[in-house]
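A note on names: the letters A, B, ... follow the listed sequences, proteins ahead of strands, and every chain is numbered from 1.
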Amino acid sequence: MSRQPFSSLSLNPALLQAIDVLGFKQMTPIQAATLPPMLEGHDVIGQGPTGSGKTAAYGLGLLSRIDPALSRTQAMVLCPTRELADQVAREIRALARFMPNIKLSILSGGIAKRPQLASLEHDPHIVVGMAGRVLEHLDDGMLKLADLKVLVLDEADRMLGADFEAESRAIVEHAPKARQTLFFSATFPDAVRGLSRQLQKKPKEIVVAGDSGAQVTQTFFEVAPERRIDALAHLLSRHRPESALVFCFTRNDARDVEAQLKKRGFEVLGLHGDIEQRERDEVLVRFANGSARVLVATDVAARGLDIKDLAAVISYELPEDPDQHVHRVGRTGRAGKSGIALHLYTPREHERVRDIEDHLQIRADIEKLPATLLPDRPMPANVVTLCVDGGRRDKLRPGDLLGALTNEVGVVKEAVGKITSFDTRTYFAIEKKLAERVLKRLREAKIKGRKFRVRPID
DNA sequence: AAAAAAC
């Protein structure tokens with residue numbers, strides 16, 4: 001199939017400019033297949049491999065239908081985790097960068113409602129969020145959907161699965177009948193296709209052949225339950241991936257594995273539902289920055305998260321649902337990059353391997369662990385993440401803060417790796433050997449007459 | 001079992 005440039009579509013020049021700045025060249029197959037029907041106003045079911053640009057596809061689709069001059073909520077995206085909602089919001093903001101004054105609000109739980117209420121006072125053009133908090137705002141009458149044109153269910157099979165179905169449906173009830181409804185995911189069980197008939201109108205069904213993880217080498221290892229943690233340490237010590245996301249079945253397991261690995265000298269972060277949201281956000285920033293190379297998580301991290309250049313996915317335990325396995329593995333090998341996936345299973349979980357084989361029509365590569373496992377070889381990180389607190393939003397926006405800091409403190413500029421900004425905070429990744437010096441300079445720096453709080457978050 | 005509103 002020949003790849004086409006975005007310019008072959010009748011996209012708004014502001015969007016084409018953003019696409020150019022973001023460095024997107026041609027459309028990916030899922031983008032090329034879903035954008036034309038979306039631009040014509042059709043409902044769409046878009047199934048495409050993990051890491052193939054589905055967010056940009058529906059992001060461009062919904063932004064194309066927004067009238068910036070109309071201060072009403074015209075598009076809404078629902079996601080299954082808070083971290084994913086944040087990421088989707090960042091991506092849409094980046095695409096909307098050259099559109100005039102597009103307002104986007106993130107409506108997720110785990111944080112105070114008050115700032116969200118303020119953001120809803122003048123209706124945002126776009127809302128990205130989680131079903132629960134969105135429903136609260138709808139019930140309170142603070143979020144109004146009378147002018148909604150586009151509703152997106154990201155990870156649609158999850159949003160319409162048993163856990164979220166009722167909430168998703170309740171939200172759809174609040175939306176106008178005349179709307180465009182878009183479903184996107186890498187996986188669509190038949191049951192969800194059935195639900196589409198109730199929520200969508202004559203959807204165009206697009207399936208881009210699922211070579212999810214084509215660039216990922218997968219290997220399965222059988223292990224006795226009592227050797228599981230040793231096997232994990234062995235795999236880490238043996239492969240020493242630049243970064244590794246380790247999946248556990250339960251929060252308890254995730255907490256245990258995190259603690260055990262720490263005890264053995266590994267630098268590890270944890271991400272799961274028992275951790276406070278603020279901490280979860282920081283953990284993800286630190287991991288993405290490379291200030292720890294191992295992240296132990298539950299399936300909260302299984303879907304959608306785009307962690308740049310993630311080298312390895314490791315299943316400490318396999319999920320029961322083979323689709324969930326597809327999503328986990330899809331955290332690596334994104335956008336044509338390569339990756340490895342290593343999976344541990346006990347004899348009694350062998351059936352899960354079979355299910356994966358049947359479901360994905362693959363032959364699992366099963367390898368034996370050596371009788372003698374390798375000694376622990378921890379993987380120290382060579383960067384540190386600094387958090388710069390920019391104070392109140394109305395005083396200084398993240399962009400200004402960043403510009404001010406890099407100008408003022410020259411050393412930062414050369415030392416900075418990745419940068420992530422949230423509402424009032426900016427995170428810098430800095431090489432460890434430079435960190436102390438930079439930290440000192442930043443602490444002394446006054447920008448626009450104000451002092452900033454700077455702290456390492458490691 | 002996980003996630004998720006919130007308490």
**Student:** Quick one: do A/Asn252 and A/Arg255 satisfy side chain to side chain donor-acceptor pair (under 3.5 Å)? Show the steps, please.
**Tutor:** CA-CA 5 Å; A/Asn252 268 334; A/Arg255 206 196 338 268; 2.8 Å; yes

**Student:** Can you tell me if CZ on A/Arg97 sees more than 12 non-hydrogen neighbours from other groups inside 6.0 Å?
**Tutor:**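 At most 12 heavy atoms, drawn from other residues, nucleotides or ligands, come within 6.0 Å of this atom.
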
**Student:** May I have the distance from A/Leu107 (atom CG) to B/dA5 (atom C1'), rounded to whole angstrom?
**Tutor:**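 Taking atom C1' of B/dA5 as the reference, CG of A/Leu107 is at 13 Å.
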
**Student:** Provide, to the nearest angstrom, the distance between the CG atom belonging to A/Leu138 and the P atom belonging to B/dA5.
**Tutor:**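 Going from CG in A/Leu138 over to P in B/dA5 covers 13 Å.
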
**Student:** So, do A/Arg363 and A/Glu357 sit near enough that their side-chain heavy atoms are less than 4.5 Å apart?
**Tutor:**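 A/Arg363 reaches A/Glu357 side chain to side chain.
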
**Student:** Could you tell me how far apart A/Leu135 (CG) and B/dA5 (C1') are, to the nearest whole angstrom?
**Tutor:**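 In whole Å, B/dA5 C1' and A/Leu135 CG are 9 Å from each other.
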
**Student:** Starting at CG of A/Leu84 and ending at C1' of B/dA4, how long is that distance when rounded to a whole Å?
**Tutor:**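 So the two atoms are 14 Å apart, to the nearest Å.
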
**Student:** Look at the side chain of A/Thr81 and decide which nucleotide, out of B/dA1, B/dA4, B/dA2, has an atom nearest to it.
**Tutor:**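 Taking heavy atoms from C-beta onward, the closest nucleotide is B/dA4.
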
**Student:** Mind telling me whether A/Tyr58 and A/Phe184 have parallel, tilted or perpendicular rings, with 30° and 60° as the class edges?
**Tutor:**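 Because their plane-to-plane angle lies in the 30° to 60° range, the rings of A/Phe184 and A/Tyr58 count as tilted.
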
**Student:** Please determine whether a side-chain nitrogen or oxygen atom of A/Thr298 lies at a distance below 4.0 Å from atom OP1 or OP2 of B/dA3.
**Tutor:**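 For A/Thr298, the contact criterion (side-chain N or O under 4.0 Å from OP1 or OP2 of B/dA3) is met.
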
**Student:** What is the distance from CG of A/Leu318 to C1' of B/dA2, rounded to the nearest Å?
**Tutor:**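 Result: 15 Å.
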
**Student:** In this structure, how many angstroms lie between the C1' atom of B/dA3 and the CG atom of A/Leu271, rounded?
**Tutor:**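 Atom-to-atom, A/Leu271 to B/dA3, this comes out as 12 Å.
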
**Student:** Please work out if A/Arg303 contacts a base, only the sugar-phosphate, or nothing of the nucleic acid, heavy-atom cut-off 4.0 Å.
**Tutor:**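 Here A/Arg303 touches no strand at all.
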
**Student:** Assuming nearest nucleotide by heavy-atom distance, tell me which of A/Arg82 and A/Asn252 is located more 5' along DNA chain B.
**Tutor:**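 Checking each residue's closest nucleotide, the 5'-ward one belongs to A/Asn252.
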
**Student:** How is A/Asp163 classified with respect to the nucleic acid when contacts are heavy atoms under 4.0 Å: base, sugar-phosphate, or nothing?
**Tutor:**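 Answer is base: heavy atoms of A/Asp163 come under 4.0 Å of a base.
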
**Student:** Please confirm whether any donor atom in the side chain of A/Arg158 sits under 3.5 Å from an acceptor in the base of B/dA3, or the reverse.
**Tutor:**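 Indeed, a donor on one side and an acceptor on the other fall under 3.5 Å apart.
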
**Student:** Just the rounded figure in Å: distance from C1' of B/dA2 to CZ of A/Arg352.
**Tutor:**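 Roughly 13 Å, once rounded to whole Å.
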
**Student:** CZ of A/Phe164 versus C1' of B/dA1: gap in Å, rounded?
**Tutor:**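 Answer to the nearest Å: 14 Å.
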
**Student:** Using a 6.0 Å cut-off, check whether atom CD of A/Glu276 has over 12 heavy atoms from anything other than its own residue.
**Tutor:**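 Not more than 12 within 6.0 Å, no.
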
